[in-house]
Number of protein chains: 2
Amino acid sequence: MLMAEPVATDDAPAAGSKSQQAYGAVKQRIVDGAYPPGHRLVLAAIAQDLGVSVVPVREAIRRLEAEGLVTFQRNVGATVAGIDPTEYLYTMQTLSLVEGAATALSAPLIDAEVLDRAAAVNEEMRACLQDFDPLRFTRLNQDFHAILFERCPNPHILDLVHRGWNRLASLRSSTFRFVPERARDSVEEHAHLLSLMADGADADTIERFARLHRSATLDAYLTHFSATEAATDADPDAAHDHG
Amino acid sequence: MLMAEPVATDDAPAAGSKSQQAYGAVKQRIVDGAYPPGHRLVLAAIAQDLGVSVVPVREAIRRLEAEGLVTFQRNVGATVAGIDPTEYLYTMQTLSLVEGAATALSAPLIDAEVLDRAAAVNEEMRACLQDFDPLRFTRLNQDFHAILFERCPNPHILDLVHRGWNRLASLRSSTFRFVPERARDSVEEHAHLLSLMADGADADTIERFARLHRSATLDAYLTHFSATEAATDADPDAAHDHG
DNA sequence: GAGTACGAAATCGTATACGAAGAGTAGGCA
DNA sequence: TGCCTACTCTTCGTATACGATTTCGTACTC
């Protein structure tokens, strides 16, 4: 869906250049949790592990830094970016902005067939509500939105949306894991969004609603956490790293 | 080997690492127009020119690629990003989105002193209307907006705004050069924006107006160019590279 | 016993070297 | 004469090597 790789065989990135290989491999390990947040990324170790030299690894790390997945310090090294709740907030806020715009810009280019596909995914999500699986739900949620914003004609905005989702994936902090109640509302809002598009609502309405939809998810997260943190009071990031 | 001193006198980037030096140097040359759009960036040549090895240059180029200032092709090389009118459109559209949001998010944090500074810059712009100098006007325009969005609390969005302005600078395609009539309206809209902020208008109103303000500039550009291109009909990019 | 200075290990940053992939050009063949 | 092929040349991609910087451990002093 939002895989930029030309063709991935099954799990190995298998990109043309070793830099891209290294990029894909390290990124995957971050997203998978093999490299937990705060983990130090040593160039030589990764290079040996991947069977390449440090040069491509270095380049991969810098790319990941540009995407915000790792933090980098000169002459010190890189560490996997932390899962600061503030960071999540910023990312979600940014995503609400650019995804709302991308969805609105996509809307005129979306035909009935695409709407049907999105509706099918949304029905899967609805079915997923019983026997709730946060991971699966989150993945479907991403698929749903990707269908709707992927036709955005402005490649810059589309790229920003992809980056946002990427960062969310690296943060590994799904709202639906903490606030499953939000899932049901989310599905309903999806249905409403589809009906807006089907009725040919104007761009501003769609943008506003798409943005609100994401903001609502963020709000659910925030209220949940402010409550949780006030209750537990200690070890405020214990809730994140149980991936 | 002529070693560049770590401490730079005044205009050199003065970065600690050679990668950053190279990044700053190449970027400056692109923005200044020393490397015109379409110019091929050969690693070895730049490296020799800067007195460093190709490795830092390579990294600098990749960073510039990530920012969109240069395009890169594997095993072929990098070229300074073109000034495709379409690219300008996309960039301005994206900027209208993120800058509008950044301005709206900044608004609650802006006090009277900041508003006064912005107003002063706007008056400079108004004075600049006689004896019109597009370059100076464009610079003041950037200053004006920077004052208003710089307090945006979301660093991601703020970063996107900076990137957008960066890319605009690299495109070197100022609307005010082609459509000086737009300048007067722009100043008035700035004044209105300031009054909105002074009156404590809600975020949505400010965002909407800031976005519209930029979109209007873009529209002026587009109508000008569609007219110009229809008239000249040939060599549609002649208007760009007289920088 | 605590703080500081020195030294060693680890790791990054950069230079140099060589192999690989594309682009351009000249030559041959239809 | 036009097109295809082989070759060379430029330029990038990656490996290896070495110097620079930081960090951590240890010994010494107050």
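Hydrogens, waters and symmetry mates are skipped; everything else that's a heavy atom, side chains included, is used. This structure is a prediction, so every number in the text was calculated from the model and none was measured. Letters A, B, ... mirror the listed sequences (proteins, then strands); counts begin at 1.
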For this session: With DNA chain C as reference, determine whether Val54(B) or Leu43(A) sits nearer its 5' end, using the nearest nucleotide of each.
Result: Leu43(A)
For this session: In plain terms, say whether Arg167(B) and Glu67(B) are close enough for a salt bridge, that is, a side-chain N and a carboxylate O under 4.0 Å apart.
Result: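 Judged by the 4.0 Å cut-off on N to carboxylate O distance, Arg167(B) and Glu67(B) do not form a salt bridge.
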For this session: Quick one: label Val42(A) by what it contacts on the DNA or RNA (base, sugar-phosphate, nothing), any heavy atom closer than 4.0 Å.
Result: sugar-phosphate
Exercise. At under 4.0 Å between heavy atoms, what does Ile61(A) touch on the DNA or RNA strands: base, sugar-phosphate, or nothing?
Worked result: nothing
Exercise. Any luck finding a side-chain donor-acceptor pair between His156(B) and Gln93(A) under 3.5 Å?
Worked result: no
Problem set entry | Side chains of Arg182(A) and Thr217(A), donor plus acceptor under 3.5 Å | yes
For this session: For the residue pair Pro153(B) and Leu109(B), establish whether any side-chain heavy-atom pair is separated by less than 4.5 Å.
Result: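 SC-SC contact between Pro153(B) and Leu109(B) confirmed.
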Problem set entry | Within-4.5 Å side-chain heavy-atom neighbours: His145(A) and Trp165(A) |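 Sidechains of Trp165(A) and His145(A): in contact.
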Exercise. Around Gln48(B), counting heavy atoms of other residues, nucleotides and ligands shown, do more than 12 lie under 6.0 Å from its CD?
Worked result: no
For this session: Tell me, yes or no, whether the heavy-atom count around Arg139(A) atom CZ, taken from other residues, nucleotides or ligands under 6.0 Å, exceeds 12.
Result: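 Atom CZ in Arg139(A) is not packed in, count stays at 12 or less.
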Exercise. When you measure from every atom of DNA chain D, which of residues 62-78 of chain B have a heavy atom less than 4.0 Å away?
Worked result: Phe72(B), Arg74(B), Asn75(B), Val76(B), Gly77(B)
For this session: Give the ring-plane orientation class for Tyr88(A) versus Tyr221(A), where under 30° counts as parallel, over 60° as perpendicular and anything between as tilted.
Result: tilted
Seminar exercise, completed: Between CZ of Arg58(A) and P of dT11(C) the distance, given in whole Å, is 15 Å
Exercise. Between Gln20(B) (CD) and dG13(C) (P), how many Å, whole number?
Worked result: 10 Å
Problem set entry | Residue closer to the 5' end of DNA chain D, Leu41(B) versus Ser53(A) (nearest nucleotide) |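 Result of the comparison: Leu41(B).
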Seminar exercise, completed: chain B reaches DNA chain D, atoms under 4.0 Å from its heavy atoms, from dT11(D) to dG13(D)
